[in-house]
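In what follows, a structure is listed as structure tokens, so that the remarks can point back to it.
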Amino acid sequence: MSRISKDQVKHVAHLARLAITEEETEMFTKQLDQIISFAEQLNELDTENVEPTSHVLDMKNVMREDIPQKGLPVEEVLKNAPDSKGGQIRVPSILD
Amino acid sequence: MSLFDHKVSELHQLLHKKELSVSDLVNESYERIGQVEDKVKSFLTLNEEKARSQAKELDEKIAKGEVKGNLFGMPIGVKDNIVTKNIRTTAGSKILENFDPIYDATVVQKLQDAETVTVGKLNMDEFAMGSSNENSAYQATRNPWNLEYVPGGSSGASAASVAAGEVLFSLGSDTGGSIRQPAAYCGVVGLKPTYGRVSRFGLIAFASSLDQIGPITNTVEDNAYLLEAISGIDPMDSTSANVQVPSFVNSLTGDIRGLKIAVPKEYLGEGVGEEARNSVLEALKVLEKLGATWEEVSLPHSKYALATYYLLSSSEASANLSRFDGVRYGYRTDNAANLIEMYKQTRAEGFGDEVKRRIMLGTFSLSSGYYDAYYKKAQKVRTLIKKDFEDVFQKYDVIVGPTTPTPAFKIGEKTSDPLTMYANDILTIPVNLAGVPGISVPCGFANGLPLGLQIIGRHFDESTIYRTAHAFEQATDFHKQKPQL
């Protein structure tokens, strides 16, 4: 049985803000299904009482002094922006 | 004979005695690039004009007797996911085709402090996702030992450029083997430092709990010099560790008497080729002769590392790559009527297939209803994998095995099936999951293609890895062989 459907793939693509074609939907459905079924071998392991690892070193919150510093110049910040106007980044309309 | 057949320490002496100039070194790089770059295709961007003028400035310093550190004037290549101020940085992706960074990564700043000369930016698999450099949006770098073969990845060009003599050394990054695997395939030395040893500020993030920047060099000694220069805590990277940086070069004593080596049976078993296995068994004989002892051990959760890695790294990547949305930098589509469509279309046009696949996998494993079954499960298995290493390091100083199951494969051979491609990394991935350091050093050839010996150490014990690797290198000739181009 397939572990992932085409509709799920379309939903995930929407969550990831990725436009995908019908052809890509087919391809990702097949490939993600393969990778996920491969990943299900992890279920062989009993991890009931195992703590998850998100960071390998034993580090707690890292604090620093709160010292005000100068920000980057606006021209620098906008240098790589695809579209800007009046010192601000411009994007297409948010509402239709 | 290339100038780059000399070690850093030898070149430094020549500069010091004014028998060599920085301009000579920089010339050597660009001349060699002129000769072989058509074949190898290492560079995405060259920094020739600035490098040559910097060389002149450094030569003036030599004239005034101001040669300082060991790396003064040494020509280096930098992987293209490490940002360089005013030098285009693409991470191998179309989405950053015209990206011109406004700051330097901490490692680049440290190289400037050490007065190295940046020759250019090196090709890579897009956002470091790949094992062959075939996932670059720009070009497929080739293996200098045989141009029909891949150089490995994702730091494929970082290894190929050193092997081809285009630069003296380079920086790569390693998330699941991306320094060690190409170093093995190209017959050079590559080290993934302990997680936290080197600042990632300015490294374009792939999987933040795994990524590390590290050196690729011709010799272990050069590697130790370069790691020393880039290591240390950084206020700009809260994951960089507050741990003293020792003199790694001082650890190269040549003496490994009494060293206790563990050889995991999983690293010589199923899925590992005859040639890789035999080269490691031969290497163990060399290490024994030098006074080390070895025993077989088990890292019982090794076979789960690949699945764990793909779930975790893809999940982290899906979050990290959300910043590429066409708003603040990078490519933006022309075909969108509103903001959401602009995001979706920009990302569809800007990312390649492998990057999309991993964003999809990661988004899926983090999504509501699947998080516990996939992402969290993988985090728990990671704990078990990490514990395997801790158990072995209770009793042994280093772990030794092959870097890769086979030598380099042919271009185009594995592009159709993602899972076959991923299997290249089965011996390097556990090291990233555990956060420990690992090196690959040349240990043999199979059909004219290099093989690598992987030496893995305890957290922050790069010194013992270097000592072992250096002793092995001094007792063998593999590192002296160069590809004919």
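Just so we're on the same page: letters track the sequence lines, and every chain starts at 1. Please read these numbers as outputs of a predicted model, since none were measured by experiment.
- Interface residue V56(A): backbone and side-chain heavy atoms are both found under 4.5 Å from chain B.
- At a 4.5 Å heavy-atom cutoff, N61(A) makes no contact with chain B through either its backbone or its side chain.
- A 4.5 Å side-chain heavy-atom check between F38(A) and L306(B) finds at least one atom pair inside the cut-off.
- When each of Y343(B), F364(B), F351(B) is checked for heavy-atom pairs under 4.5 Å with chain A, F364(B) comes out on top.
- Taking the side chain as every heavy atom from C-beta outward, L32(A) and M360(B) approach each other to under 4.5 Å.
- Both the backbone and the side chain of H14(A) have a heavy atom closer than 4.5 Å to some heavy atom of chain B.
- For chain B, the nearby part of I89(A) is the side chain; its heavy atoms alone come within less than 4.5 Å.
- For S367(B), the part lying under 4.5 angstrom from a heavy atom of chain A is the side chain only.
- Side-chain contact between I36(A) and L361(B): present, with at least one pair of heavy atoms (C-beta onward) separated by less than 4.5 Å.
- With a 4.5 Å cut-off on non-hydrogen atoms, E51(A) touches chain B through its backbone but not through its side chain.
- Between chain A and the options E316(B), R382(B), K387(B), the largest number of non-hydrogen pairs under 4.5 Å is found for R382(B).
- For a residue to count as touching a neighbouring chain, one of its non-hydrogen atoms must lie under 4.5 Å from one of that chain's; by this rule F460(B) touches chain A with the side chain only.
- With contacts defined as side-chain heavy-atom distances shorter than 4.5 Å, the pair S209(B)/H55(A) does not qualify.
- Interface residue E48(A): only backbone heavy atoms are found under 4.5 Å from chain B.
- Counting heavy-atom pairs under 4.5 Å between each of H301(B), Q345(B), K386(B) and chain A puts K386(B) at the top.
- Side chain to side chain, E40(A) and Y374(B) meet the donor-acceptor criterion of an N or O pair below 3.5 Å.
- Of the residues considered (I340(B), I359(B), V327(B), L433(B)), V327(B) shows the highest number of contacts with chain A, using heavy-atom pairs under 4.5 Å.
- For chain B, no part of L78(A) is nearby; none of its heavy atoms comes within less than 4.5 Å.
- Ion pairing of K303(B) with E44(A) is present here, as a side-chain N (NZ or NE/NH1/NH2) and a carboxylate O approach within less than 4.0 Å.
- With respect to chain A, the highest number of heavy-atom pairs below 4.5 Å among L321(B), T308(B), L312(B) belongs to T308(B).
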Under the salt bridge (Lys or Arg N to Asp or Glu O under 4.0 Å) rule, what do D325(B) and R17(A) come out as? Steps first, then yes or no, please. CA-CA 9 Å; D325(B) 57 6; R17(A) 298 293 183 266; over 6 Å; no
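- At least one side-chain heavy atom of D100(B) sits under 4.5 Å from a side-chain heavy atom of N80(A).
- Test T53(A), L42(A), T47(A), N49(A) against K380(B) for side chain to side chain contact (heavy atoms under 4.5 Å, CB included) and you get one pass: T47(A).
- Top candidate by heavy-atom pairs under 4.5 Å with chain A, chosen from A434(B), A336(B), P235(B), is A434(B).
- The shortest side-chain heavy-atom distance between Y422(B) and I35(A) falls under the 4.5 Å cut-off.
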